[in-house]
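Residue numbers run from 1 in the order of the sequence given. Just so you know, ligand 1 is whichever comes first in the structure, and atom 1 is the first atom listed for that ligand.
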Amino acid sequence: MDIVVLDGFTLNPGDLSWAELQQLGTCRIYDRTPAEKVIERAKDAEILIINKIIISEREIDQLPKLQYIGLCSTGYNVVDTEAAANKKIAVTNVPAYSTNSVAQLVFAHILNLCQHVSEHSESVKRGDWAKAPDFCYWNFPLIELDSLTLGIIGMGQIGQAVARIARQFGMKILYHDLRALSDIDKDYRSIDLDTIFRESDVVTLHCPLTPETRQLVNTKRLSLMKSSAFLINTSRGQLIDEKALAESLDRGKIAGAGLDVLATEPPGPDNPLLTAKNCYITPHIAWATRAARQRLMDVVVNNLRCFLDGKPINLVR
Ligand SMILES: NC(=O)c1ccc[n+]([C@@H]2O[C@H](COP(=O)([O-])OP(=O)(O)OC[C@H]3O[C@@H](n4cnc5c(N)ncnc54)[C@H](O)[C@@H]3O)[C@@H](O)[C@H]2O)c1
């Protein structure tokens, strides 16, 4: 089998092993592939492993040997799955490998907004504590989560993992989901979107990006939020009207934001959120703990092994 990995670097920047994949065929592994080199590198591939490379009908038409596309991600919007199906090319994804890692980063952002550990530490290192008149000082309001309300939009795998952690902090849970969820904790309250924005002290986004959820956070919804509230987004950047959020933060209409995703990644230098007040941004790292990437690698290999054995799993479409 001729296996080509087109953009392997973010999954395995060197701390994991490709050995198990290499046992399944002849492997060529590229860290990154610019769009104009996709066909040249993949033209002999029977198996393609990709993360964020776009495989549209145009590429599929020019890859006659291709039998299988293995995605190193849960989302599969980078592949034209209909064009793949028309050519009988199997497409697989990796569900739920990073749930706990994403939930953990949600709380890293929430706790950062509540206590600013890094900024206080930097202040101490600059000598501010040594010069302080009292035994303690703080540069930001300090916030206890106990009895505050967390609003979760999208109560799937990650939303529910976040809710479980929030309960341990004594938070009350509101949620909104499109599906009727039967097996959900009876203390979690299902409610409409606007009420979530109005009543929550922290709103966290865990729904997928769809035509309905694009810019779900807009000027109107931000205006419903408490001025003390925080917004967390580890889902997809396009869920937020970024200009509206930057304005809300700069005018103090909401108190802070913790974002792991932006509408364009990497962002342009003019993205208004890069300079917005009390806005903390991590570079799309929620999925990327070593444990989650190892799970991802294991499932990518197992998906391919099952396909080669004639019993495919995790097929999308
Ligand atoms: N930052 C990262 O590294 C990272 C990693 C993994 C996943 N993600 C993002 O997290 C999202 C959630 O992942 P998950 O594993 O929990 O997915 P999931 O499919 O288990 O849950 C998504 C939930 O959103 C609900 N939903 C769909 N449309 C909705 C709408 N219009 N309004 C409200 N709810 C809606 C679904 O019914 C489902 O319950 C993914 O779509 C992905 O964009 C980000």
- Message: Can you confirm whether more than 12 heavy atoms, excluding those of N100, are under 6.0 Å from its CG atom?
- Response: no
Going by the order shown, which atoms of ligand 1 are within less than 4.0 Å of some heavy atom of [X]?
{"X": "H284", "result": "1 (N), 2 (C), 3 (O)"}
{"X": "G156", "result": "16 (O), 20 (O), 21 (O), 23 (C), 39 (O)"}
{"X": "H176", "result": "32 (N), 33 (C), 34 (N)"}
{"X": "M155", "result": "39 (O)"}

Between [X] and [Y], does any side-chain donor sit less than 3.5 Å from a side-chain acceptor?
{"X": "S101", "Y": "S98", "answer": "no"}
{"X": "Q294", "Y": "D298", "answer": "yes"}
{"X": "Y175", "Y": "H206", "answer": "no"}
{"X": "E59", "Y": "S56", "answer": "yes"}

Could you tell me whether [X] and [Y] make a salt bridge, using a distance below 4.0 angstrom between a side-chain N and a carboxylate O?
{"X": "E199", "Y": "K172", "answer": "no"}
{"X": "D80", "Y": "R58", "answer": "no"}
{"X": "R164", "Y": "D185", "answer": "no"}
{"X": "K311", "Y": "D309", "answer": "no"}

Measure the distance from [atom] to every protein heavy atom, then report the residue, atom name and distance (to 0.1 Å) of the closest one.
{"atom": "atom 1 (N) of ligand 1", "answer": "T234 O, 2.9 Å"}
{"atom": "atom 31 (N) of ligand 1", "answer": "T213 CG2, 3.2 Å"}
{"atom": "atom 11 (C) of ligand 1", "answer": "S235 OG, 3.4 Å"}
{"atom": "atom 13 (O) of ligand 1", "answer": "I158 CD1, 3.3 Å"}
{"atom": "atom 26 (N) of ligand 1", "answer": "P208 CD, 3.7 Å"}
{"atom": "atom 30 (C) of ligand 1", "answer": "L178 CG, 3.3 Å"}
{"atom": "atom 6 (C) of ligand 1", "answer": "S98 OG, 3.4 Å"}
{"atom": "atom 5 (C) of ligand 1", "answer": "V102 CG2, 3.5 Å"}

When you look for heavy atoms under 4.0 Å from ligand 1, do you find them on the side chain of [X], its backbone, both, or neither?
{"X": "Q157", "value": "both"}
{"X": "D177", "value": "both"}
{"X": "D260", "value": "side chain"}
{"X": "A286", "value": "both"}

- Message: Measuring from non-hydrogen atoms of T99 to any atom of ligand 1, is the shortest distance under 4.0 Å?
- Response: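 False for this residue.
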- Message: I'd like to know if the side chain of H176 reaches the main chain of I191, judged simply by a donor and an acceptor atom lying under 3.5 Å from each other, with no hydrogens or angles considered.
- Response: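 Flag set: sc H176 to bb I191 pair under 3.5 Å.
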- Query: Does the protein put any heavy atom within less than 4.0 Å of atom 17 (O) of ligand 1?
  - Reply: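 Within 4.0 Å of atom 17 (O) of ligand 1, no protein heavy atoms are found.
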- Query: Using 30° and 60° as the class limits, which term best fits the ring planes of F169 and F107: parallel, tilted or perpendicular?
  - Reply: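 Because their plane-to-plane angle is under 30°, the rings of F169 and F107 count as parallel.
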- Message: Could you see if L48 belongs to whatever hydrophobic cluster contains V316? Use Ile, Leu, Val, Met, Phe, Trp, Tyr and a side-chain cutoff under 4.5 Å.
- Response: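 Cluster IDs for L48 and V316 match.
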- Query: If you measure every N/O of W287 against every N/O of ligand 1, is any gap under 3.5 Å?
  - Reply: yes
